Amino acid sequence: MTIQRPRGTRDFLPDDTWRRGQVRKAMKDVLERWGYQEISTPTFEHLELFTIKSGESVTEEIYSFKDKGGRDIALRPELTAPVMRMYVSELQNAPKPQRLYYYGSCFRYERPQRGRFREFWQLGAELIGGNKPDSEAEVIALADGMLKSVGIKADIHIGYLGLIRSMLSKVPQEQRIAIMRMIDKKERENLQAYLGDIGADYLGLVELIDLKGRFALDKALELSRDLEKATDASKLPVEQASTVSTTSLGNDPGILDSPPLSGRASARTCREVAAEYGLEKFQKMVDLLDAYGVDATIDFEIVRGLEYYSGTVFEIYASDLGSQKQICGGGTYELCSLFGGAETSSTGFGLGFDRIMEIVELESKRKVPVVLVFTPDVKQEAIKVAKELRNAVPLVLDVMGRGLGAQLKAAAGFGAEHVVIVGRNELDSGKLTLRDMKSGEQESLTLGEIAEKLAGKYQCT
RNA sequence: GCCGGGAUAGGGUAGUGGUUAUCCUGAGGGACUGUGGAUCCCUCGAGCUGGGUUCGAAUCCCGGUCCCGGCCCCA
């Protein structure tokens, strides 16, 4: 009986690992060109880091345990919180903005299915220290560039929480939470009915989220004007919703338990984040995206359900991925104060690396190393030759004690394109035999000539 | 947590109660002593797991594990 992998985990064979490496490298190249710097954080953290950010309910989906010192430890379920923790403790006084990126595995105790595993990889970026339209546009354009670099065609949907939060400032908080949830869940009928029940039809929310693209923006501008008028007239204290409150967990059971909420509700009750009209900011951002040449759909239905997002939010979808088609999510948020730092806006995103791997198509294939074939009587010399050639190309040589014929046979089975043959004749003449395994042609060349000839064909990546 | 479909050598498979479990591929060894995947020979290697029904179970029934797809959820 062999030992199995734990549920929801995967082994990556050499080919898989190579493919993942290629994709990762292509996307990292883009990040580096945009001036982002890689960081890494621990695989496990104090459980508290994640419950502070997302509420106690997340513990249900976290791999957590008590260590031998009695500490509550969690395998990280995401990377934003660790990155922000690191920023608060190490980088608060560094020049802003900070452009950072990360790649690493995360763990969630969930039911595995297509594009969803218990250990999965995220590649993400954070631009910390600004909330201007410029930051948001840069980050979205960066995500777009990364996906394009690996040939993925994706739909980018961008929303703006400033407007919706402002609209919702007119209704009590519990209702706000319920409404956000219904928008996020795309429960249109329920939303319509609920807004009717509480007499909030006049907000025009359903109309707004039904529109996509340019029309959505026009509608938003219209609603924004109405909103200003209404506010002026009634002198409603907009600050009620605009105040940044750093109150941590909302432990009010009345709110947590109020139907029809569950799950994310606790996350939303964590805190209030600044809400402002600022629709012109969003418009500027859209114009900048245009300059970047990014094709995005304006979609106010994107609310990302999380209380700490404050400005632009976005999600990216890939069509042929079935039910788990979202490959990227991000936005502008304020998390620093939760971890004890001065409040700072950041914009960032996380890419679901495994889902991307399901849809990328790689044109290149991995090169099989050159095989050095030798007659057993010159093994010592062959090893010295191998050592030299390895400066130029990846190369393997027999360790199975095979004779020349068997070595060639093995090289053919191995899929080698080139074989270098070393025997007494070659050593005496000073020229080695280079055999092209496809054509069967052989030529006599010096070690240097072989190295030069093959180097270009076996560039290690 | 819920619903559906699965699980037979390393990979791919056949087999609806009957005793040595099918075939392909693969891997290792040998023949072959300085030139190819051929051929020949030998070897290795399997019914997820635990119960039950039965004279007898890969096959039928139940539990569990894992995989695939869909819900719930997705910080």
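A, B, ... follow the sequence lines: proteins, then strands. Residue 1 opens every chain. Because the structure is predicted, anything quoted here is derived from the model rather than measured.
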Sugar-phosphate only, base, or nothing, as touched by A:G405 at under 4.0 Å among non-hydrogen atoms
nothing

Within a reach of under 6.0 Å around CD of A:E48, are more than 12 heavy atoms found that belong to other residues, nucleotides or ligands?
no

In whole angstroms, the gap separating C1' of B:rC67 from CZ of A:F117 amounts to 11 Å

Whole Å only: how far is the OH atom of A:Y63 from the C1' atom of B:rA75?
17 Å

Pick one for B:rG47: is it syn, with its angle within 90° of 0, or anti?
syn

For [N], which nucleotide is its Watson-Crick or G-U wobble mate, given both distances must be under 3.5 Å?
N      : result
B:rC60 : B:rG52
B:rG34 : none
B:rU65 : B:rA7
B:rC2  : B:rG70

Could you check whether A:F353 and A:F120 have their ring centres less than 6.0 Å apart?
no

First locate atom CG of A:L75, then atom CZ of A:F44, and finally report the distance between them rounded to the nearest 0.5 Å.
8.5 Å

Ranking B:rG69, B:rC73, B:rG36 by distance to the side chain of A:R111, first place goes to B:rG69

Between A:T433 and A:E426, do the side chains contain an N or O donor and an N or O acceptor separated by less than 3.5 Å?
yes

